[in-house]
Amino acid sequence: MKKLINDPNNYVEEMLAGLVSAHASLSLGGESGRCVSRSQPAPSGQVGIATGGGSGHLPLFTGYVGEGFTDACAIGNVFEGPTAQSCIDAIRAADHGAGVLCLYGNYGGDRMNFDTAIEMAELDDIACDTVLGTDDVASAAPEEGNKRRGVAGIVLVYKAAGAAAAEGRDLAGVAAAARKANAATRSIGVALAPCQVPTADAPNFEIADNEMEFGMGIHGEPGIWRSELSSADKVADGMLERLLPELDVKRGDKLCVLVNGLGATPLEELYILWRRVGERLAQAGIEYLPPVIGNYVTSMEMAGASLSLMKLDDELEALMTAPAKCPFWSVS
Amino acid sequence: MKKLINDPNNYVEEMLAGLVSAHASLSLGGESGRCVSRSQPAPSGQVGIATGGGSGHLPLFTGYVGEGFTDACAIGNVFEGPTAQSCIDAIRAADHGAGVLCLYGNYGGDRMNFDTAIEMAELDDIACDTVLGTDDVASAAPEEGNKRRGVAGIVLVYKAAGAAAAEGRDLAGVAAAARKANAATRSIGVALAPCQVPTADAPNFEIADNEMEFGMGIHGEPGIWRSELSSADKVADGMLERLLPELDVKRGDKLCVLVNGLGATPLEELYILWRRVGERLAQAGIEYLPPVIGNYVTSMEMAGASLSLMKLDDELEALMTAPAKCPFWSVS
Amino acid sequence: MSIGPQAIATFLERLNENAAASEQALNAADARLGDGDTGSMLRRVMAAMAHAGAGGAETASDAAKRAAAAAMKETGSSLGSLVATAAMTLARKAKEIEASGRTPETADLPMIVEAIRDAISARGKASVGDKTVVDSFDYLTRYLAQGPVSLETAQRAANDALDQMRPMPCRIGRARMFAERSIGSDDPGMLAVAKLLD
Amino acid sequence: MSIGPQAIATFLERLNENAAASEQALNAADARLGDGDTGSMLRRVMAAMAHAGAGGAETASDAAKRAAAAAMKETGSSLGSLVATAAMTLARKAKEIEASGRTPETADLPMIVEAIRDAISARGKASVGDKTVVDSFDYLTRYLAQGPVSLETAQRAANDALDQMRPMPCRIGRARMFAERSIGSDDPGMLAVAKLLD
Ligand SMILES: Nc1ncnc2c1ncn2[C@@H]1O[C@H](COP(=O)(O)OP(=O)(O)O)[C@@H](O)[C@H]1O
Ligand SMILES: Nc1ncnc2c1ncn2[C@@H]1O[C@H](COP(=O)(O)OP(=O)(O)O)[C@@H](O)[C@H]1O
Ligand SMILES: [Mg+2]
Ligand SMILES: [Mg+2]
Ligand SMILES: [Mg+2]
Ligand SMILES: [Mg+2]
């Protein structure tokens, strides 16, 4: 797998340097040097949202720092959780005196380090709460929903939580909105080709030329099944079959839909996938907001796509359509 | 090469159906059924901009239809020019009574079909002018600049021309702005891995695991040289060495920079590339607008990146920073 | 021998078969310095023309027009557009002949082929000597003018054009950048003319 | 035998060598159901700890703290964070002993390892029986309590933990979804403990 990089050991540092040099709205700092935050922080008295995660998923996680999204992001090495220090940095950067919601994907390392960081932040009298992204239906059975991992759907949860914070809700209110948004969100992905960690000497999984992996993890963890590569329409149908019942979506319900590319899959294919998804939803009398389509949560050069659905009620719809702005997603 | 598609023969139709169903601002129509135009056309009396080109380059060409960008786009099959009928459709859709600028990349098929379409449009009393995108420095020597092909830089020219039209300039004025913008723009690309036309049974070129192709065409045409894959910094340096002298860029000049991904290359790598470009420009005392970084002009799943520079004067800077909005690029 | 709709349909069917048979060879020729699609595009265009219902037309001009319209609908590629131009020129010339009260015949072919050469040269802005299909049609024009007007003459013309132009550098399109590399190779469009007439 | 900064540094160097030697084996074990990075991450973390200057510290607690800080800086991965927790627990326990006026010694190890087991279980929210490094430390705790307190005992404990847990399903992380598939395979973290002590 070829990469346009320099020393693999500098991958994360150079990526971050480029990111913040390109986007004046983002600043890099913290004691760890691994914390991206808003150059123009939210007004004092607004609840802050801190997030974090491993590198290799751009625009996730750092790209969603912005007005109406998150306030700060702790950045780990490729596919590793952020260190406790960078989590503390992010919590501090996100604190505007009204407490901080730690909102991140449910991964072991991330959880351990944010938990440590929260203990320390609380010594500094920063009130914290935690909501974990758990949208990946392939990572645990529905009965164990709280053990599921977070994948692309977390971007939708950022949007809802960010809007709740911007509205001026208190910490409990923002956490409740994030919890509700996460509970209403499900994702499933399909991988066609692997990616490779810059320091590794082999791709993170192998898959035959005519195969696809349904329900793989965003680090290339095995999925629910591996089968012959099928048509985009069949993949779309399979995804909807998994997701709609989980959310108990019925005629007349309204969804927010994210068709996400994992990295190497062309936009053309995402639109071909969306075409079927939109058609099927329309046939079933299910409404949707203008869909969000593109590379929002990636695994470097992994090929494939994921579908995320959020079932809306009036509150969530208002949060999802509120104005917001970050380098990779604007709603106006 | 694996693709998430249905029947390859329906690739373009299904992609377009998905695109316009996702973006309410875009409408598909024309006698050819291969014309994307603004759902809310520009006001009557405004000069229209029609563009067009082959499929397989999303967001190019269709994605840049919008306020302050282009008005309509003729869409060809993958890597083939648009048909004359779709060009006529685009010219008609772009016409608001003040004439139409046909602005597209300098490719044989595209030119032949737009020329035919313009002859027919002029029979309908639609005044037309043509500006060809010729930014690819690898496609002809500087002395034959007008024979060069158009690559990613055309997106910057769309922006300038669209702003000129939105300002209310007449056809000659909009054409002059587009010509000036194109004359000030140069691009060079580097490919790491090929793509495959959906109906083909092999990738469009072969390249060894440790090689890269410097200056390849956006359909995979051979470049200036093929060499061992080098570091991102060296690639950035090589690109700047080609582009800066062409534009006679000196200390104190100001640029608009586009770091473009060809499709499969992760955003991380584009930022690593940008980091070096920005550093080198800063060292040389060259100013720049906030860079445009992402997949703006692709060749499906081709891996690699291109760098485009536009040398600004006051007029071009004003045009490049004027508010504009299309599904894949907003300036506000 | 008069050239009616059925003769045109039969000829299109022949071109279609030859295009299908040479798809990969033409793709490969184009892949050397171009984007490798000449063969696949041509197969599609020729199939569209062959299925355009030329045989059911009333006149030769109408038959050629149907084929031209089918080609124009199918592609906007360089060569495809020139193929459409060629068919449209045939239609135009046939119509002129029909307007004079007779049907086109074999003896009209040299004049028609010359008109096609000029039309595609105007359309693509390439001249004789640029190493494109214009050169193939230039040879066709000259050989058919000498006679005899036959498929064999046309085949000889297309192949001689290939042989004569092979050592020359390409002067059109991106391949121009690789003028040295193009020396010694066939231009894919010219090769296509030879293969289609085969 | 008393455990000073130098003993700790020597032990870290040993772990570092073993981590480097087993990098690919551990990656492969993790690739089966995880993301295949256990070995590479551990190599980096162990190198960072070995180069943290533990040998130059004044006290055992300070030596362990340097190692913990190096690990914490290097990674936020699951296992890496637990490694940091383990080192930090060693530092905390050593400090308690030093506060009582003596230096830590071999006889303290059973108590320290038990504290590590409890700390990483609390940190990772995994219990004994979930088939994680917590189980390795549970075996270590029990075997060292029985004695003799030696590397051999520790090796036996780590290997017995592996053997005993191999037929069990994994109950933590994504591998939980593939409980059947995890039966019969080693947990990469547990395998790492055995390899590091090797
Ligand atoms: N402007 C032109 N004038 C004449 N012939 C041309 C021109 N451009 C291309 N051709 C012919 O078309 C052939 C390439 O066709 P094709 O593969 O369809 O082109 P592309 O892929 O560039 O659209 C060339 O070999 C040449 O013979
Ligand atoms: N929550 C946890 N509690 C205890 N041990 C854990 C926990 N999560 C992971 N581990 C251990 O870490 C190993 C995986 O480490 P690593 O590859 O670093 O994880 P990841 O790539 O998921 O961050 C597992 O085999 C297991 O032994
Ligand atoms: Mg990992
Ligand atoms: Mg082509
Ligand atoms: Mg071609
Ligand atoms: Mg792992």
With rounding to the nearest 0.5 Å, note down the distance linking [atom1] in [X] to [atom2] in [Y].
X        : Y        : atom1 : atom2 : result
B:Glu269 : A:Leu58  : CD    : CG    : 10.5 Å
A:Ser330 : B:Lys325 : OG    : NZ    : 8.5 Å
A:Arg275 : B:Leu16  : CZ    : CG    : 11.0 Å

Under 4.5 Å heavy-atom distance to chain A, tell me which part of [X] shows up: side chain, backbone, both or neither.
X        : value
B:Pro327 : neither
B:Ser299 : neither
B:Ile5   : both
B:Leu273 : side chain
B:Asn10  : neither
B:Tyr11  : both
B:Leu267 : both
B:Ala22  : both
B:Thr265 : neither
B:Leu262 : neither

Say whether, by atom type as modelled, one donor and one acceptor occur between the side chain of [X] and the main chain of [Y] under 3.5 angstrom.
X       : Y        : result
A:Glu14 : B:Ile272 : no
B:Asn6  : A:Asp233 : yes
B:Lys2  : A:Glu211 : yes

Next item on the list: Flag the one option from A:Ala232, A:Ala193, A:Ser21 with the top tally of heavy-atom pairs under 4.5 Å to chain B.
Entry: A:Ala232
Check: A:Gly263, A:Pro290, A:Ala264, A:Pro59: which one forms the most heavy-atom pairs within less than 4.5 Å of chain B?
Finding: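 So the answer, after comparing A:Gly263, A:Pro290, A:Ala264, A:Pro59, is A:Ala264.
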So which part of [X] gets closer than 4.5 Å to some heavy atom of chain B, the side chain, the backbone, both or neither?
X        : answer
A:His57  : backbone
A:Ile293 : side chain
A:Leu19  : both
A:Pro198 : neither
A:Asn210 : backbone
A:Ala282 : neither

Notebook entry, point to check: At their closest point, which heavy atom of A:Met15 faces which heavy atom of B:Tyr271, and how far apart are they?
Noted result: O-CB, 3.7 Å
Checklist line | Smallest separation among heavy atoms of B:Trp274 and A:Gly18, with atom names | finding: CD1-O, 3.3 Å
Check: Using a cut-off of under 4.5 Å for heavy-atom pairs, which of B:Glu268, B:Glu301, B:Met212 has the most such pairs with chain A?
Finding: B:Glu268
Check: Which one of B:Val190, B:Asp209, B:Val235 has the most heavy-atom pairs closer than 4.5 Å to chain A?
Finding: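 Of B:Val190, B:Asp209, B:Val235, B:Asp209 has the most heavy-atom pairs under 4.5 Å with chain A.
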Next item on the list: Could you tell me whether A:Gln283 atom CD has more than 12 heavy atoms of other residues or ligands within 6.0 Å of it?
Entry: yes
